[in-house]
Structures are given as structure tokens and as C-alpha cells.
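In what follows, chains carry the letters A, B, and so on, assigned in the order in which the sequence lines appear, proteins first and then strands, with residues in each chain numbered from 1.
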Amino acid sequence: MSEHVHTEKCNTLLGDLSDYIDGNLQAEICAQIEEHMKTCDNCRVVVNTLRKTVELYEHCNDNVELSGDVKERLFAKLDLKDYLPSPNITDANK
Amino acid sequence: MKIGNFLEGKNIQVSERDESDFLTALKQGDRQAFARLVDETSTQIYRTARQILGDEQDAEDVLQETYMKALKALPTFEGRSSLSTWLHRIAVNEALMLIRKRKTPMVSVDDTQPFDSEEESTGMEIVDFCCLPENELLTSESRKFMDDAIQRLPENLKTVFVLRDLEGMSIQETSEVMQITENNVKTRLLRARLRLRQELAEYYAEKVEKEKSK
Ligand SMILES: [Zn+2]
């Protein structure tokens, strides 16, 4: 484990990294980042792990589901009980 | 009119005519239309509240409050943003209000300052955890750690991260929900991502060492 030795260049690039991993950056700046990463291992690791972080968090929502109970209480609260979709139908739609 | 947005990805084809009929029905207080809106959007709204609040009971309270408010406000809904964006805005405001009511003061970072790369890169952990196998990266323990790490973010960074990276909203939609500029969204998003990356790098460091010595 080593501390990031950051040069001026590394710092300038840092501000663009979000846009870079989202693919929202001008080609010119992308090329600069890619060129820099060829020679700077630290920045390469930061970019790759930043991208990986966002990817891993995409799985984070998998666990959070609206349970049937919560939904039922919501429909009851809104006085919409008559319109509560039956659980079978909801499952079939998934 | 962008009201169809919330149906996207649900394989439901709606014509513009249907959409405008749907909105008219909603605004006139049609119960069936409202039930459909709740049915189609409540999972997203619940998830958003749950990720911002980190608590299921609080998330359920916010969920209910969001639709109670929406029901009252629908007749005046102007359609400047999509229904989904509008509902998220109500939910985010409710969630932040609830946090303010909690005993612990709300943590916020000053973002009137431009992004300071010097400050953000100080003490940055260089651990290449990309090399870890997927089953090591996504254990139930690490998922728990990731969840908790979100809760450690200051509220203004967390909210942007939840909307953009967990709910998959665009930068523009996120800025509409938060009522801040797109540049401000981008700055907060980068800060949030860097902080989480840092937390994960520290968390996975030990596993990476083990993997190397294999
Ligand atoms: Zn560098």
C-alpha cells in the first residue's frame, strides 16, 4: 500500500474523472487522461477503482425491495386499497 | 410533455394521447390513475428514501408522506419536469427534513467552493482492488460496508450519489430534483464517488494483500 504521490498533472486530471468514467468528456481530454495513465500507475489505479466503485454500487440497490407489506400499508394510507394490484400480477410483471 | 418517463423500462407502450389522458385523469383526482402512478413509482421512491435515510421505518414514513403530498399537489402539477422527477423532489425534501429533525446535526460540505483536487487527493489510498474476484468483492459483509459508507457521506453528497448512481438518473434530472446547477451536481458526484472509492480501498486493502501473497 503506497500513498498517492501526486504531481500537478494528477491533480488537474482528478477533477475530470467522474465525467471520464461516465464517458461524458471531450475526446481531447480523454486522450490526455489515457496518455497520462500510461506512465502514472497511481492515476491508473484511481481511475480503475473509481469505475469499479460505481459498478459495485450498482448492485447495492438489488437488495432494497419494496415489500408487499409496505406496499399494502401505503395503499391503505392513501385509501387506495381497492386498487391494490394482486401480488400474483405484480410478480408476473417482474 | 415528459410524463411518460416513469414508465420507461417497464415494457409498457404508451402513446402520447394515453399519456396526456393519464395526466388529465391524475389532475382531476381519478383514483385509478393515482393508484397506477403509485404502483409504477413507489419502488423507486422507497429505494431513494431508504438509501438517503439508511433506515426502513423512516423510509416507509417518507414514502407515505410523499404520496400524501403528491395527491394534494397534483391539481397544480405543471409538467415542467417529469412526474418521476417531481415525486423524487418531494421525497428527497421529506427525507432531508426528517434527517434535520434527528438529534444528530446534519453534516454538509461547503460546496460554494469549486472542486479542490489538492484537498481531495490528500491521503488517497492506492489499492488496486479491481483485481479481486467478484465473489470477494460482493460478499454480504462488503455490501453491508458499502451501505454504511453511503450513510457516512455528508447529506448533500449522499443525495446526489443516490439519485445519479443508485437510481440511475441523468445529471440533468438530478439537478432538477435537487434544484441545483448541473455543475454543482457534477462536483458533488465526483466528491461522493472519490470518498466511497477511498473507503472501499481501505476496506479491501487486506484482501488485496492476501490475494497477492497467494
Ligand atoms: Zn497521475
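- Atom CD of residue B:Gln64 and atom CG of residue A:Leu74 lie 6.0 Å apart, to the nearest 0.5 angstrom.
- Note that CZ of B:Arg197 is 13.0 Å distant from CZ of A:Arg51, once rounded to the nearest 0.5 Å.
- The part of B:Leu138 that comes within reach of chain A is its side chain, from C-beta onward, which places non-hydrogen atoms under 4.5 angstrom from that chain.
- For a residue to count as touching a neighbouring chain, one of its non-hydrogen atoms must lie under 4.5 Å from one of that chain's; by this rule A:Asp79 touches chain B with backbone and side chain alike.
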Given the rule in the side chain to side chain contact (heavy atoms under 4.5 Å, CB included) test, do B:Lys186 and A:Asp19 qualify, once you have shown the distances and angles that lead to the verdict?
CA-CA 8 Å; B:Lys186 286 183 179 185; A:Asp19 280 337; 3.7 Å; yes
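- The parts of A:Arg73 that come within reach of chain B are both its backbone and its side chain, each placing non-hydrogen atoms under 4.5 angstrom from that chain.
- The residues B:Arg31 and A:Asp82 are annotated as not salt-bridged, no charged nitrogen and carboxylate oxygen being separated by less than 4.0 angstrom.
- At a threshold of 4.5 Å between non-hydrogen side-chain atoms, the residues A:Tyr83 and B:Val38 do not count as touching.
- Using a 4.5 Å cut-off between heavy atoms, A:Leu13 makes no contact with chain B at all.
- For the set A:Asp16, A:Val54, A:Asn48, A:Leu84, the entry with the most heavy-atom pairs within less than 4.5 Å of chain B is A:Val54.
- In this structure, the portions of B:Leu63 lying under 4.5 Å from any heavy atom of chain A include both its backbone and its side chain.
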Starting from the C-alpha separation in whole Å, work towards a yes-or-no answer on side chain to side chain contact (heavy atoms under 4.5 Å, CB included) for B:Met146 and A:His59.
CA-CA 10 Å; B:Met146 287 167 63; A:His59 297 281; over 6 Å; no
Evaluate A:Val45 against B:Val127 for side chain to side chain contact (heavy atoms under 4.5 Å, CB included), listing each step before the verdict.
CA-CA 7 Å; A:Val45 171; B:Val127 176; over 6 Å; no
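- Ranked by heavy-atom pairs shorter than 4.5 Å toward chain A, the options B:Glu60, B:Glu56, B:Glu134 are led by B:Glu60.
- Ionic pairing of A:Asp22 and B:Arg164 is present here: one or more N-O contacts between side-chain nitrogen and carboxylate oxygen are shorter than 4.0 angstrom.
- For the residue pair B:Arg193 / A:Thr53, no side-chain donor-acceptor distance below 3.5 Å is found, with atom types taken as modelled.
- Aromatic ring centres of A:Tyr57 and B:Phe161: separated by under 6.0 Å.
- For chain A, the nearby part of B:Arg50 is the side chain; its heavy atoms alone come within less than 4.5 Å.
- Remark: B:Leu190 CG to A:Ile21 CD1 distance equals 8.5 Å, nearest 0.5 Å.
- Per-residue counts of heavy-atom pairs under 4.5 Å with chain A were compared for B:Asp165, B:Asp147, B:Leu196; the largest is that of B:Leu196.
- Heavy atoms of B:Ile45 lying under 4.5 Å from chain A are absent altogether.
- Contact count against chain A (heavy-atom pairs under 4.5 Å) is highest for B:Glu167 among B:Gln198, B:Glu167, B:Glu199.
- Annotation: the span from A:Lys52 atom NZ to B:Asp128 atom CG amounts to 10.0 Å, rounded to 0.5 Å.
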